[in-house]
Amino acid sequence: MYSANHWGGSFEIADGAAEDDHSRNMDLDRGALSARQHHELDETQQSWLLGPPEAKKKDKYVDLGCVVVKRKVLWWAFWCVVGAFVLIGLPIIIAKAIPHKKPGPPPPDQYTEALHKALRFFNAQKSGRLPKNNGVPWRGNSGLSDGSDAKDVKGGLVGGYYDAGDNIKFHFPMAFSMTLLSWSVIEYSAKYKAVGEYDHVRELIKWGTDYLLLTFNSSASTIDKVYAQVGAAKINGSEPDDHYCWNRPEDMSYPRPTIAVSSAPDLGGEIAAALAAASIVFRDNAAYSKKLTQGAATVYKFARQAGHRTPYSLRQPDIQYYYNSTSYWDEYMWSAAWMYYATGNTSYISFATDTRLPKNAKAFLNILDFSVFSWDNKLPGAQLLLSRLRMFLNPGYPYEESLIGYHNATSLNMCMYFPRFAAFNFTKGGMALFNHGKGQPLQYVVANSFLASLYADYMEAVNVPGWYCGPNFMSANDLRDFAKSQLNYILGDNPRKMSYVVGFGKKYPRHLHHRGASTPHNGVKYSCTGGYKWRDTKKADPNLLTGAMVGGPDRNDRFKDSRNSYGQNEPTLVGNAGLVAALVAITNSGRGVGVTAVDKNTMFSAVPPMFPAAPPPPSSWKP
């Protein structure tokens, strides 16, 4: 029997094998044999249709150097990454590419609102030829003949600022005001920029420093005098002068003498401080900054001149009654610190840290009034300024002994601010009586609130949570709370529920002791005594002196809104400078912009890189 191939072609079957099969199957049932043959044919048919069976494929591997993996696994991982990118990464990229509207800055707090107004006060106090954009419509050019009797000053002493409600230009408090404004800009430039006042405050500082450069021969290296004042007022006088007359500055027609002094360790030191601090503010204007630094060096040298160290106000009745200087050692410390920061000249810091200086200044004797920062006492400001050096740069030997003393004195000064320690009295409404209830209390309140806020920011900048007042730990926020409480009092949180800043809030003083604000801008030039009608009228001021902080209430929180009450209702340049500094220090607008609340690096740009940057351990700062 022959095997059949129904699909064509041949099978190669050996004859011997066929015979064996035939003999083995002789006795098999034909039906079974027939079924087997059909089964074999089915397999044959499949072999022709599908071809020979495939050999098992071997896995392929990829050598990645540190590991060998299957190619399939590698491909699987690759496609997983691609898929993840498509599902996750691509949507993120698209979302970020779509422009989003940035959220606006938070609304300004009340301190920022008051700051805008407080700065405008300086525009209203300007003397000289005013710029067109001065922003005070009832003010015009004035004092254009000032200094005409100073024959050695080319162009006279035109410019600067009127001190208060009269029209005198007192250079001692004016210089201090410029120093304060410059200090606030150096520390809080980011805040000024955030609230849109950076260019404005710099313009106000320059208006002041341009004038201060006229008060002595700033182009010389050595001088023998400095002009201390323009204008004068006799006590209970009967001749036309800046107090006897009640005139707008634009209408002045009475004599305005200049007063020069040949000895001025205090005035010279303060002018040097003002110019040095401003030179840091204007570092982006190299020529002007250099001019300020050179002028500061000249007048500082004059202030330190041996044989010329009597106070500038001594035997000067036109000065002594108004801005008498009680010491000059504080100005020496203050100006030396600023000169060092401005120039990096180590002779200045060597003098500031000479152990004889704080001894002469009585800096470490814990005298209560010496802890109050003011136009006449720079000790607390100088000590804080020098504590800054220790906190941020830690210069070490040979300066450390005095710097530790200044730092400890600063900490003690700050302790005295708190009512719980009963160093100073407070009114029932909460105002600190730093000048013991005398006139003009608010100018002392704001100057020391500025120092409190600044010291709190210094501690925050070096990650120190607070300090000890005896056994009591006080935090940086305790200082800020003190400063806020004082500013809140000024802005309306007081028993009278009125603001002591003109134009802020709904209720504020309306009858200022201020010639320019009280006399109408109506085209009429009133005579010396013709202005008395506006001094004595019960009507509100016709001109709003926006941002002016008045002198403030008495020790019982009482306040008389009257032009005759000059101790309470007269604004001053010094008062508003302290107000501006305190407001910018405490406002939250712009906080966190830049390095920290204070700009740590601006002050040290001229300081030699000889000092290590790391501050000492906080535990060593405990007084």
Side-chain angles (χ1 to χ4, degrees), residues 172 175-176 179 182-183 186 216 218 221-224 226 263-280 292-312 325-365 370 373 376-410 603-611:
F172 191 42
F176 177 65
T179 311
S182 291
W183 195 3
I186 292 166
F216 63 98
S218 57
S221 59
T222 302
I223 58 174
D224 59 5
V226 62
S263 175
D266 32 27
L267 173 61
E270 188 55 64
I271 294 176
L275 299 179
S279 76
I280 301 173
L292 292 171
T293 304
Q294 290 176 340
T298 296
V299 73
Y300 177 87
K301 179 181 176 182
F302 167 74
R304 293 276 295 123
Q305 186 177 359
H308 296 268
R309 294 184 182 176
T310 55
Y312 89 108
S325 175
T326 57
S327 174
Y328 57 83
W329 293 104
D330 55 325
E331 277 85 18
Y332 275 179
M333 188 186 300
W334 174 246
S335 59
W338 279 114
M339 290 298 295
Y340 174 64
Y341 281 127
T343 67
N345 187 325
T346 55
S347 66
Y348 296 118
I349 192 61
S350 295
F351 174 66
T353 56
D354 187 313
T355 55
R356 293 170 293 181
L357 179 56
K359 182 178 180 179
N360 288 332
K362 302 178 181 178
F364 302 151
L365 297 184
F370 284 8
F373 188 42
D376 185 39
N377 179 38
K378 316 302 166 36
L379 274 180
Q383 289 166 343
L384 178 57
L385 198 59
L386 291 164
S387 297
R388 188 192 207 280
L389 179 63
R390 181 172 186 254
M391 294 172 76
F392 291 157
L393 292 186
N394 187 24
Y397 181 83
Y399 312 108
E400 181 69 0
E401 180 181 353
S402 289
L403 291 182
I404 288 176
Y406 294 143
H407 197 167
N408 290 342
T410 294
M603 188 85 83
F604 299 123
S605 55
V607 174
M610 58 184 284
F611 301 141

J.: Measuring from atom CG of Asp330 to atom CD of Gln383, what distance do you get when rounded to the nearest 0.5 angstrom?
T.: 10.0 Å
J.: Is there a donor-acceptor pair closer than 3.5 Å between any side-chain N or O of Thr179 and the backbone N or O of Ala274?
T.: yes
J.: Below 6.0 angstrom between ring centroids: does that apply to Tyr340 and Tyr399?
T.: no
J.: So which heavy atom on Ser335 is nearest to which on Gly269, and how close?
T.: CB-O, 3.2 Å
J.: In sequence, state the C-alpha distance, the side-chain angles, and the governing distance for Met333 and Leu386, and then conclude on side chain to side chain contact (heavy atoms under 4.5 Å, CB included).
T.: CA-CA 9 Å; Met333 188 186 300; Leu386 291 164; 3.9 Å; yes
J.: Check the pair Arg304, Phe351 against side chain to side chain contact (heavy atoms under 4.5 Å, CB included), reporting the backbone distance first and the verdict last.
T.: CA-CA 11 Å; Arg304 293 276 295 123; Phe351 174 66; 3.3 Å; yes
J.: Can Tyr348 and Trp338 be said to form a side chain to side chain contact (heavy atoms under 4.5 Å, CB included), step by step?
T.: CA-CA 9 Å; Tyr348 296 118; Trp338 279 114; over 6 Å; no
J.: Can you tell me how far OH of Tyr300 sits from OG1 of Thr293, rounded to the nearest 0.5 angstrom?
T.: 14.5 Å
J.: What's the spacing between Asp224 CG and Phe216 CZ if we round to 0.5 Å?
T.: 13.0 Å
J.: Apply side chain to side chain donor-acceptor pair (under 3.5 Å) to residues Thr410 and Ser387 and explain how you reach the verdict.
T.: CA-CA 8 Å; Thr410 294; Ser387 297; 3.2 Å; yes
J.: Run the ring pair (Phe, Tyr, Trp, His ring centres under 6.0 Å) test on Tyr328 and Trp334 for me, step by step, so that the C-alpha distance in whole Å, both residues' side-chain angles and the decisive distance to 0.1 Å come before the verdict.
T.: CA-CA 10 Å; Tyr328 57 83; Trp334 174 246; over 10 Å; no
J.: Are Ser263 and Thr310 linked by a side-chain donor-acceptor pair shorter than 3.5 Å?
T.: yes
J.: How are the rings of Phe364 and Tyr406 set relative to one another: parallel (under 30°), tilted (30 to 60°) or perpendicular (over 60°)?
T.: tilted
J.: Hey, is the main chain of Phe370 close enough, under 3.5 Å, to the side chain of Asn377 for a donor-acceptor pair?
T.: yes
J.: Treating Ser402 as the side-chain partner and Thr353 as the backbone partner, does any N or O pair qualify as donor plus acceptor under 3.5 Å?
T.: yes
J.: For residues Phe172 and Asp266, report the shortest heavy-atom separation together with the two atoms involved.
T.: CE1-O, 3.6 Å
J.: First locate atom CG of Leu389, then atom CD1 of Ile349, and finally report the distance between them rounded to the nearest 0.5 Å.
T.: 5.0 Å
